[in-house]
**Student:** 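Starting off with a structure, shown below.
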Amino acid sequence: MATLSNPSNEDLGSMLGGDGSTTLDLDLNWRDTLSLSMAWEKDLTSLHTFRTGVGWSQNPVGGSPLPGLVPFNRLHLGLGFSRWGKTDGGDWHFSFVAALPETWTTGSNAVLSDFSGDRYTQADYALVVGWSRTW
């Protein structure tokens, strides 16, 4: 726990409540969300499997969070491929997931007015390679 005694910076003091406490309302209004996902998988041969999918979800965070605190992308696409090592016991798995670009504009920020009305765009891409072996 941290406390301030007689802070001399008015902006910092008001951001922390002005009374020396470190309790801070980040204006995060969590809510229930709806998510939908759909996927398809196909065995190309007895050793090779291809898969693809799409996912969509509502943002569960309302309010005006600080930038970078809750990155969120509604639409995700994925591709995957597996090579099953039936003779050597090792399986290779490859996947690519893309969180498609999403633009977000903050509302009126309850913590720092400098962050009110800011606009951000974000996209995430991941390439994953895995190997597994059973024994």
Side-chain angles (χ1 to χ4, degrees):
M1 180 169 135
T3 58
L4 300 175
S5 60
N6 300 320
S8 59
N9 184 313
E10 286 184 28
D11 291 335
L12 179 62
S14 64
M15 184 176 81
L16 295 177
D19 61 359
S21 74
T22 56
T23 302
L24 181 63
D25 178 7
L26 291 177
D27 193 31
L28 296 175
N29 302 318
W30 293 94
R31 58 181 178 244
D32 291 339
T33 184
L34 174 66
S35 297
L36 302 171
S37 298
M38 183 173 31
W40 176 77
E41 181 177 277
K42 172 74 175 165
D43 289 329
L44 302 175
T45 70
S46 64
L47 296 176
H48 301 95
T49 301
F50 173 79
R51 61 188 62 84
T52 186
V54 61
W56 175 88
S57 181
Q58 293 173 317
N59 191 343
V61 180
S64 56
L66 296 174
L69 186 60
V70 282
F72 191 83
N73 297 73
R74 289 181 290 184
L75 190 59
H76 294 74
L77 301 176
L79 294 171
F81 178 80
S82 292
R83 196 236 179 247
W84 307 101
K86 296 188 187 274
T87 57
D88 64 4
D91 303 323
W92 284 98
H93 310 282
F94 305 89
S95 67
F96 176 74
V97 178
L100 298 184
E102 186 81 24
T103 300
W104 176 57
T105 303
T106 63
S108 176
N109 196 291
V111 180
L112 294 171
S113 62
D114 290 350
F115 292 130
S116 295
D118 289 345
R119 187 177 175 140
Y120 303 92
T121 299
Q122 171 183 295
D124 296 305
Y125 304 97
L127 179 62
V128 181
V129 177
W131 181 79
S132 63
R133 182 180 175 130
T134 58
W135 65 88

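Quick note: residue numbers are just sequence positions, from 1. What you are looking at is a predicted structure, and each value in this text was computed from that prediction instead of being measured.
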**Student:** Mind checking whether L34 and M38 sit in one hydrophobic cluster, side chains of I, L, V, M, F, W, Y counted as touching below 4.5 Å?
**Tutor:**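 Yes, L34 connects to M38 through the hydrophobic network.
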**Student:** Starting from Y125, can I reach L127 by hopping between I/L/V/M/F/W/Y residues whose side chains sit under 4.5 Å apart?
**Tutor:** yes
**Student:** If you take all heavy atoms of T33 and Q58, which pair is closest and at what distance?
**Tutor:**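 Nearest heavy atoms, T33 then Q58: OG1-O, 2.6 Å.
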**Student:** Walk me through it: do F94 and L79 pass the test side-chain contact (heavy atoms from CB on, under 4.5 Å)?
**Tutor:** CA-CA 8 Å; F94 305 89; L79 294 171; over 6 Å; no
**Student:** Over 60° means perpendicular and under 30° means parallel, so tell me whether W131 and W92 are parallel, tilted or perpendicular.
**Tutor:**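 W131 and W92: tilted rings.
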**Student:** Is the side chain of D91 donor-acceptor paired with the backbone N or O of G85 at a distance under 3.5 Å, no angle test?
**Tutor:** yes
**Student:** Check W84 against S46 and note the closest heavy-atom contact, atom names and distance.
**Tutor:** CD1-O, 4.3 Å
**Student:** Test side-chain contact (heavy atoms from CB on, under 4.5 Å) on N73 and L100 and set out the steps.
**Tutor:** CA-CA 7 Å; N73 297 73; L100 298 184; 5.9 Å; no
**Student:** Report yes or no: do W40 and F81 belong to one cluster of Ile/Leu/Val/Met/Phe/Trp/Tyr joined by side chain heavy-atom distances under 4.5 Å?
**Tutor:** yes
**Student:** Has the side chain of R83 got a donor or acceptor atom that lies under 3.5 Å from a matching backbone atom of G90?
**Tutor:** no
**Student:** Using every non-hydrogen atom in the two residues, find where S57 and S35 come nearest and quote the distance to one decimal.
**Tutor:**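 Smallest interatomic distance, heavy atoms only, reads OG-OG, 2.9 Å.
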**Student:** Quick one: pull up NE2 in H76 and CG in D124 and give me the separation to the nearest 0.5 Å.
**Tutor:** 7.0 Å
**Student:** S82 and R51: side-chain hydrogen bond (donor to acceptor under 3.5 Å, both in side chains), yes or no, with the steps?
**Tutor:** CA-CA 9 Å; S82 292; R51 61 188 62 84; 3.0 Å; yes
